[in-house]
2 protein chains.
Amino acid sequence: MTTLVFGHKSPDTDSTGSPIAWAWYLSEVKNTPAKAVLLGEPNTEAAFMLKHWGLEKPAIIADVTADDKVVIVDTNNPAELPPSINEAKLQAIIDHHMLVGGIKTKTPIDITIRPLACTATIMHDLMGADVAKAPKAIKGAMLTCILSDTLEFRSPTTTPHDRAVAEKLAADLGVNIPEFAAAMFAAKSDVSSFSDAELLRMDSKEYSVAGKELRVSVLETTAPKVVLDRKASLMASMVDVAKEDGADQVLLFVVDILKEEATLLVPNDLVKQMAEASFGAKVSGDTVVLPGIMSRKKQIIPALKL
Amino acid sequence: MTTLVFGHKSPDTDSTGSPIAWAWYLSEVKNTPAKAVLLGEPNTEAAFMLKHWGLEKPAIIADVTADDKVVIVDTNNPAELPPSINEAKLQAIIDHHMLVGGIKTKTPIDITIRPLACTATIMHDLMGADVAKAPKAIKGAMLTCILSDTLEFRSPTTTPHDRAVAEKLAADLGVNIPEFAAAMFAAKSDVSSFSDAELLRMDSKEYSVAGKELRVSVLETTAPKVVLDRKASLMASMVDVAKEDGADQVLLFVVDILKEEATLLVPNDLVKQMAEASFGAKVSGDTVVLPGIMSRKKQIIPALKL
């Protein structure tokens with residue numbers, strides 16, 4: 001029985017590339033037949049990664065069954081996983097997020113969570129000397145994941161170890177990091193084909209803050225103007241998305257990767273109050289610029305209050 | 001601020017020795033001041049380990065505070081941890097049990113769970129080449145933990161890796177494993193000073209089976225007769241212990257380490273039915289012998305049904 005390896009819903013680069021890397025390792029090094037699958041369409045940067053490294057797009061699955069052996073990567077949150085995840089035969093979890101506590105296992109399994117910027121960095125360590133056996137495409141996928149999650153080492157989630165692993169992989173592959181990252185970020189910034197609702201849900205996590213259910217969405221881009229030009233319709237769409245998803249409010253942070261700042265859309269007084277309480281910002285219009293803010297995990301979530 | 005390292009309540013050898021080993025590693029190798037503490041009196045085998053290797057008995061704590069930095073080893077179950085565990089500053093979890101899902105963290109932390117027999121084996125791997133720096137007492141504690149959790153490699157939880165690590169440590173320390181394990185098991189088997197209720201709670205975990213709340217207790221011994229001679233008063237005590245602990249029934253498995261079998265006390269029809277349904281045993285008196293049964297984790301819990 002082939003082991004299924006997958007990341008979270010709305011797969012970004014790490015949740016697309018890391019399953020591919022780990023499925024290679026299980027199949028080719030550990031003699032455990034495995035394949036990467038996705039829980040939705042990969043984002044535009046992840047699609048760029050697949051094309052650039054000549055990797056096939058993994059199949060998209062809607063759920064797992066009690067017969068499926070599965071490895072979860074890049075999340076441990078049941079809300080971001082298939083509905084029947086706790087019925088499947090869980091083999092391992094490899095992740096770099098806080099433990100949210102919803103996954104249970106029936107026996108002891110391999111769980112590796114590390115406070116690093118990227119799942120692929122953890123996999124690199126777990127593979128040890130076997131990384132050398134990886135084909136170019138697998139190393140390339142791992143490099144792309146690290147550059148994506150660290151925003152080319154700009155994000156405050158970046159550790160020296162993430163950077164060292166990425167630089168080692170890039171040297172090995174002959175990749176010029178600034179040029180390659182620029183191409184990645186251009187792909188990520190091409191959001192023209194997405195509807196407003198799709199943009200609001202693309203890179204989004206749910207949190208409770210002061211009794212409010214928030215959908216905290218981030219769009220990392222090198223072309224914030226393209227997104228901000230759509231702010232009126234995005235703010236209109238927030239009302240419907242919140243309603244459909246059972247949230248009180250959608251927050252959209254448009255992260256300018258190059259200027260290292262975020263612009264928060266401010267559709268109403270609730271968001272205005274949150275922006276002022278959380279970031280000490282002075283809000284006068286329907287957007288507010290938050291200098292230095294790039295990471296939901298490190299900077300936005302820990303700060304959010306009312 | 002010193003990091004507190006501890007295992008589960010009712011500390012056995014692994015939950016006493018592994019915190020000591022990890023506190024050494026954090027303090028002496030990772031320059032992170034740390035100390036081992038206990039959540040109760042160590043059992044007689046753990047006390048033997050401390051004495052044999054000249055280790056001080058760690059202080060016993062009743063709870064942790066929101067200011068405490070803590071590392072949890074040998075469990076991930078809040079029921080086996082201090083009441084305020086989810087308020088503390090959790091730094092890491094190192095464990096070899098199934099994920100039960102009650103621990104949450106506020107940020108990503110180091111979590112390492114492996115399907116190995118012993119926490120000390122996982123620590124050995126995490127320490128890597130730094131194991132060589134460990135003083136004799138630390139290596140001795142780690143060896144004792146592995147021999148304890150594997151019942152000198154007899155338990156079906158034993159993996160080839162646990163065995164290899166123990167044999168490496170023993171060779172390094174000049175320890176004759178059969179002789180040393182015999183002394184450990186003799187210490188563990190000396191239960192004369194414990195009350196019936198203490199024996200029933202000494203190595204005990206709670207499980208729900210078919211709507212019944214069970215306290216599943218195991219006593220590993222080389223002298224089962226000593227325990228079985230007390231069966232009448234142990235069975236009488238079960239009623240009170242179950243009541244006090246909010247359980248429907250206490251199950252006591254007396255594991256004969258040398259004969260590699262367990263004797264289950266059968267105080268009533270409920271336990272009789274469970275023994276027959278779970279282990280296909282024929283029960284005629286107030287005890288039943290279960291050949292080959294040594295591990296709660298691997299053999300008892302997965303089998304239990306009504």
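Small disclaimer: the values here were computed from a predicted structure and weren't measured. Residue numbers begin at 1 in each chain, while the letters A, B, ... track the order of the sequences. All values below were derived from every heavy atom in this structure, side-chain atoms included, with hydrogens, water molecules and symmetry-related copies excluded.
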Task: Under 4.5 Å from any heavy atom of chain A - which part of B:I122 - done: neither

Task: Option that, when pairs with chain B are counted at under 4.5 Å, heavy atom only, ranks first among A:L99, A:L90, A:T107 - done: A:L99

Task: Contacts with chain B made by residues 10-27 of chain A (heavy-atom distance under 4.5 Å), listed by residue number - done: none

Task: Interface residues of residues 293-306 of chain A facing chain B - non-hydrogen atoms under 4.5 Å apart - done: A:K297

Task: Contact class of A:I103 relative to chain B, heavy atoms under 4.5 angstrom - done: both

TODO: Please examine the side chains of A:P115 and B:I109, heavy atoms only from C-beta on, and report whether any two atoms are closer than 4.5 Å.
DONE: no

Open item on the list: To the closest 0.5 Å, what do you measure between OG1 (A:T112) and CD1 (B:I113)?
Closed with: 9.0 Å

Open item on the list: Distance check, rounded to the nearest 0.5 Å: B:N76 atom CG versus A:K104 atom NZ?
Closed with: 10.5 Å

Task: A:T2: partners by side chain to side chain contact (heavy atoms under 4.5 Å, CB included), with sequence neighbours left out - done: A:P33, A:K35

Open item on the list: Among residues at least two apart in sequence or on other chains, which ones pass side chain to side chain contact (heavy atoms under 4.5 Å, CB included) with B:S208?
Closed with: B:E213

TODO: Could you tell me which non-hydrogen atom of A:L126 sits nearest to which non-hydrogen atom of B:R114, and how far apart they are?
DONE: CD2-NH2, 3.8 Å

Open item on the list: Can you give me the closest heavy-atom contact between B:M98 and A:K106, atom names plus distance?
Closed with: SD-O, 3.3 Å

